[in-house]
Amino acid sequence: MSKPINVPLTSDEIEMLVDALEVDLEGYLESAKEARGNGNRDDVATFTEAATRIQTLMARLQDLVEE
């Protein structure tokens with residue numbers, strides 16, 4: 001497990017990170033879809049795992065920002 005690092009961020013900065021992660025997530029989901037279409041199971045697994053990790057991080061960050 002990685003060592004936690006405390007980084008003071010404003011809610012605006014966290015929202016910017018969430019927005020950037022959303023774009024990144026879309027890219028990984030699209031890549032997984034293409035890999036699935038090409039029958040490349042290893043890439044599907046890799047891109048799906050990355051998408052899942054991004055979703056988890058996004059959820060943690062979104063919990064810090066109240067709308």
Side-chain angles (χ1 to χ4, degrees):
M1 188 83 183
S2 297
K3 178 183 170 186
I5 300 172
N6 292 324
V7 180
L9 298 171
T10 66
S11 59
D12 286 345
E13 291 169 328
I14 292 173
E15 287 177 10
M16 288 170 42
L17 288 172
V18 170
D19 289 344
L21 287 170
E22 285 176 351
V23 172
D24 202 32
L25 174 62
E26 289 173 12
Y28 278 108
L29 292 175
E30 184 63 31
S31 294
K33 182 179 175 182
E34 289 176 15
R36 193 172 293 112
N38 294 332
N40 190 336
R41 291 182 181 181
D42 289 339
D43 282 350
V44 171
T46 299
F47 296 138
T48 301
E49 178 185 353
T52 301
R53 293 178 72 180
I54 290 169
Q55 287 173 321
T56 301
L57 178 56
M58 283 175 50
R60 288 182 63 198
L61 291 173
Q62 288 169 332
D63 287 346
L64 298 174
V65 181
E66 296 182 8
E67 301 251 357

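Reckoned from all heavy atoms, side chains included, excluding hydrogens, waters and symmetry mates.
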Next on the checklist: With rounding to the nearest 0.5 angstrom, report the CZ to CZ distance, R36 to R41.
Outcome noted: 11.5 Å

Next on the checklist: If I take atom OG1 from residue T10 and atom CE from residue M16, how far apart are they, to the nearest 0.5 angstrom?
Outcome noted: 8.0 Å

Can I get a per-line list of side-chain donor-acceptor pairs under 3.5 Å for residues 18-35, giving both atom names and the distance, sequence neighbours left out?
from: S31; atom 1: OG; to: G27; atom 2: O; distance (Å): 3.0

Mind listing the side-chain donor-acceptor pairs of residues 45-59 below 3.5 Å, one per line with the distance, residues two or more places apart or on another chain?
from: T46; atom 1: OG1; to: D42; atom 2: O; distance (Å): 3.0
from: T48; atom 1: OG1; to: V44; atom 2: O; distance (Å): 2.7
from: T52; atom 1: OG1; to: T48; atom 2: O; distance (Å): 2.9
from: T56; atom 1: OG1; to: T52; atom 2: O; distance (Å): 3.0

Next on the checklist: As a quick check of understanding, evaluate side chain to side chain contact (heavy atoms under 4.5 Å, CB included) for L9 and L17, giving each step before the final call.
Outcome noted: CA-CA 10 Å; L9 298 171; L17 288 172; 3.8 Å; yes

